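What follows is one structure encoded as structure tokens, with my remarks underneath.
Residue numbering restarts at 1 for every chain, and letters A, B, ... go by the order of the sequence lines. These numbers come from the heavy atoms of this one structure, side chains and all, not from hydrogens, waters or symmetry mates. If you're wondering where the values come from, they're calculated on a predicted model, not measured in any experiment.
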Amino acid sequence: MLQQTRVETVIPYFERFMSALPSIAALAAASEDQVLALWSGLGYYSRARNLKRAAEQIERQHQGRFPESFAQVVALPGVGRSTAGAILSLALGQRHPILDGNVRRVLSRCFLVAGPPQASATQRQLWQLAERCTPQQRVAAYNQAMMDLGALLCGRRPGCGQCPLTPHCQAWQQGVVGDYPQPRRPRQLPSRQTYLLLITDSEGAVLLERRPPSGVWGGLWSLPECTLQQDPQHWCREQLGLDTELLATLPQSRHTFSHYHLDYTPLRMRAHPAGQRCMDAGERLWYNVNEPLVGGIASPIARLLAGLKT
DNA sequence: AACGCGGGGAG
DNA sequence: CTCCCAGCGTT
């Protein structure tokens, strides 16, 4: 959960998740829908699918006991070098470096590591520094301290006056702390437009459909979409076999992903009871918005559904 | 080496 | 608005 996500954001999700699925066995046995429902709103949903796969792998390959070697831990789905190092150093005291956003910032400033942050040369240099700086003793305390330093003092507006590393920090000695690490080059995000169809039946249930297993919002439940060039009612008849009437056009909103903008216009539509064939192999369902989540729902979709609650 | 992958909080 | 967060997997 903490990959690319702030601690304060994670805490309530973590509490809820651990209450519902308190063990590796429970997670492995849970449905992907339940796991995604618990993850809904956190983003980067492949983490949730990988976490469940990791639990299954531990059950199958490690007899349900969490592995304790680096090679076995880093082989778990969704666990890379830094996460494996964090798990084994913090939980078991093993000597492994970590390199998250906090450590990257501290090391970049301390040792004047230039270059684009994502470039492999920069990465290699930072990992080498992380390895060389990691002590033989008290590794858990060291790694935790590096992350806390990056989070509390060595952030966007650094508090060098209180930092214990200033005697060693080259950026501070040269007065160039603000220049490190080098910022990512800003990218121009493309935008995509769509209608989101809020189709309700005579009982007020909303039609949801499952998104493909890969890509944005993979495996989550979402609303039917059609392009602005298509006629929504015609589209519903052709694609869903539903006779509909258009009730209202809601204001356009923008949802920004890490790599594009989604400009969506929600349409309130009512399905006429005549045609009800739109349940394709469990990939579509009529959802009562007053009931608990049936699976993962992305935040913008959840907000729209919440607007339908009675 | 570059890209895909969410959502939100802080400034 | 912009920036970036306890990064990883795929191509």
Side-chain angles (χ1 to χ4, degrees), chain A residues 1-14 36 38-54 57 73-91 96-108 115-124 126-127 130 140 142-152 154-159 178 180-192 211-220 222 253-262 264 296-303:
Chain A
M1 285 183 175
L2 289 165
Q3 290 166 356
Q4 294 298 103
T5 307
R6 297 174 191 281
V7 176
E8 315 84 70
T9 303
V10 160
I11 289 172
Y13 286 89
F14 176 80
L36 288 172
L38 291 164
W39 208 275
S40 291
L42 259 186
Y44 284 163
Y45 296 95
S46 64
R47 294 180 299 176
R49 297 191 300 271
N50 282 334
L51 185 63
K52 174 171 165 50
R53 287 177 51 212
Q57 186 166 321
V73 173
V74 82
L76 297 171
V79 178
R81 183 176 178 183
S82 188
T83 300
I87 292 169
L88 289 175
S89 65
L90 297 180
H96 301 287
I98 60 175
L99 187 61
D100 67 343
N102 295 309
V103 176
R104 174 177 295 107
R105 207 162 41 245
V106 173
L107 293 177
S108 297
Q118 292 314 101
S120 65
T122 310
Q123 289 284 97
R124 192 173 62 250
L126 286 168
W127 271 113
Y142 169 79
N143 279 343
Q144 188 64 60
M146 287 292 279
M147 289 190 286
D148 289 346
L149 197 57
L152 300 176
C154 201
R156 262 303 144 207
R157 261 171 28 80
Y180 293 83
Q182 181 176 309
R184 315 168 171 269
R185 54 178 166 76
R187 53 207 183 287
Q188 185 75 343
L189 300 184
S191 61
R192 194 172 76 72
R211 294 186 58 87
S214 64
V216 167
W217 296 343
L220 277 65
S222 190
S253 300
R254 165 167 286 194
H255 180 73
T256 301
F257 294 94
S258 51
H259 52 305
Y260 69 91
H261 301 291
L262 179 65
Y264 59 94
I297 307 273
S299 282
I301 306 300
R303 280 193 291 273

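- To the nearest angstrom, P of C/dC8 lies 9 Å from CD1 of A/Ile87.
- Atom CD1 in A/Ile87 sits 10.0 Å away from atom OG in A/Ser82 (nearest 0.5 Å).
- Remark on DNA chain B: of its neighbouring residues A/Arg124 and A/Gly43, the 5'-side contact belongs to A/Arg124, judged by nearest-heavy-atom nucleotide.
- Nucleotide B/dG6 holds its P atom 8 Å from the OH atom of A/Tyr260, rounded to whole Å.
- Look at A/His259 and you won't find any side-chain N or O under 4.0 angstrom from OP1 or OP2 of B/dG4.
- In terms of position along DNA chain C, the nucleotide closest to A/Leu2 lies nearer the 5' end than the nucleotide closest to the other residue of the pair A/Val74 and A/Leu2.
- Residue contacts shown for A/Val10 are absent, as no nucleic acid heavy atom lies under 4.0 Å away.
- Rounded to whole angstrom, the span from the CE atom of A/Met147 across to the C1' atom of C/dG7 amounts to 13 Å.
- On a pure distance criterion of 3.5 Å, a polar donor-acceptor pair joins the side chain of A/Gln144 and the base of C/dA6.
- Within 4.0 Å (heavy atoms only), A/Ala298 reaches sugar-phosphate atoms of the nucleic acid but no base atom.
- Rounded to an integer number of Å, the gap from A/Tyr45 OH to C/dT10 P is 20 Å.
- Ranking B/dG9, B/dG6, C/dA6 by closeness to the A/Thr9 side chain, first place goes to B/dG9.
- Atom CZ of A/Phe14 sits in a sparse spot, with 12 or fewer heavy atoms from other residues, nucleotides or ligands closer than 6.0 Å.
- Considering only side-chain N and O atoms, A/Trp39 lies nowhere under 4.0 angstrom from the phosphate OP1 or OP2 of B/dG7.
- The residue A/Leu42 sits close to a base: some heavy atom pair falls under 4.0 Å.
- Remark on DNA chain C: of its neighbouring residues A/Arg6 and A/Thr83, the 5'-side contact belongs to A/Arg6, judged by nearest-heavy-atom nucleotide.
- Counted by atom type alone, A/Arg47 and A/Asn50 present zero donor-acceptor pairs between their side chains at under 3.5 Å.
- Without hydrogens or angle criteria, A/Gln3 side chain to A/Tyr44 main chain gives no donor-acceptor distance under 3.5 Å.
- The A/Gln3 side chain lies nearest to C/dG7 when the options are B/dC5, B/dG7, C/dG7.
- In the set C/dC8, B/dG6, B/dG7, the nucleotide with an atom closest to the side chain of A/His255 is B/dG7.
- Residue A/Arg53 is out of contact with every strand shown, counting any heavy-atom pair closer than 4.0 Å.
- Nucleic acid contact for A/Gly215: sugar-phosphate only, since backbone atoms but no base atoms lie under 4.0 Å from a heavy atom of the residue.
- No contact: A/Gly150 has no heavy atom under 4.0 Å from any strand.
- In this structure, A/Leu76 reaches the sugar-phosphate backbone alone: every heavy-atom distance under 4.0 Å involves primed, P, OP1 or OP2 atoms, never a base.
- Taking side-chain N and O atoms only, A/Arg49 has no distance below 4.0 Å to OP1 or OP2 of C/dG9.
- Rounded to a whole Å, the CD atom of A/Gln118 is 12 Å from the C1' atom of C/dC5.
- Taking the P atoms as reference points, C/dG9 lies 24 Å from B/dG8, given to the whole Å.
- Which of C/dC5, C/dG7, B/dG8 sits closest to the side chain of A/Arg303 comes down to B/dG8.
- Here A/Pro183 lies out of heavy-atom contact (under 4.0 Å) with every strand.
- Remark: P of B/dC3 and CD of A/Gln123 are 15 Å apart, rounded to the nearest angstrom.
- Using a 4.5 Å heavy-atom cutoff, the side chains of A/Asn143 and A/His96 are not in contact.
- A donor-acceptor pair under 3.5 Å is absent between the side-chain atoms of A/Arg81 and the main chain of A/Trp127, judged by distance alone.
- Comparing the same atom, P, in B/dG11 and in C/dA6 gives a spacing of 14 Å after rounding to whole Å.
- No N or O donor and acceptor, one from the side chain of A/Ser46 and one from the base of B/dG4, sit under 3.5 Å apart.
- One C1' atom belongs to C/dC5, the other to B/dC5, and the distance between them is 14 Å to the nearest Å.
- The residue A/Arg157 sits apart from the nucleic acid: no heavy atom pair falls under 4.0 Å.
- Side chain of A/Val7, nearest nucleotide from C/dA6, B/dC5, B/dG7: C/dA6.
- Atom OH of A/Tyr264 and atom CD1 of A/Ile301 lie 7.0 Å apart (nearest 0.5 Å).
- Taking the side chain of A/Ser299 as heavy atoms from C-beta on, and the options B/dG8, B/dG6, C/dC8, the nearest nucleotide is B/dG8.
- Among the nucleotides C/dG9, C/dA6, B/dG7, the one closest to any side-chain atom of A/Asn50 is C/dG9.
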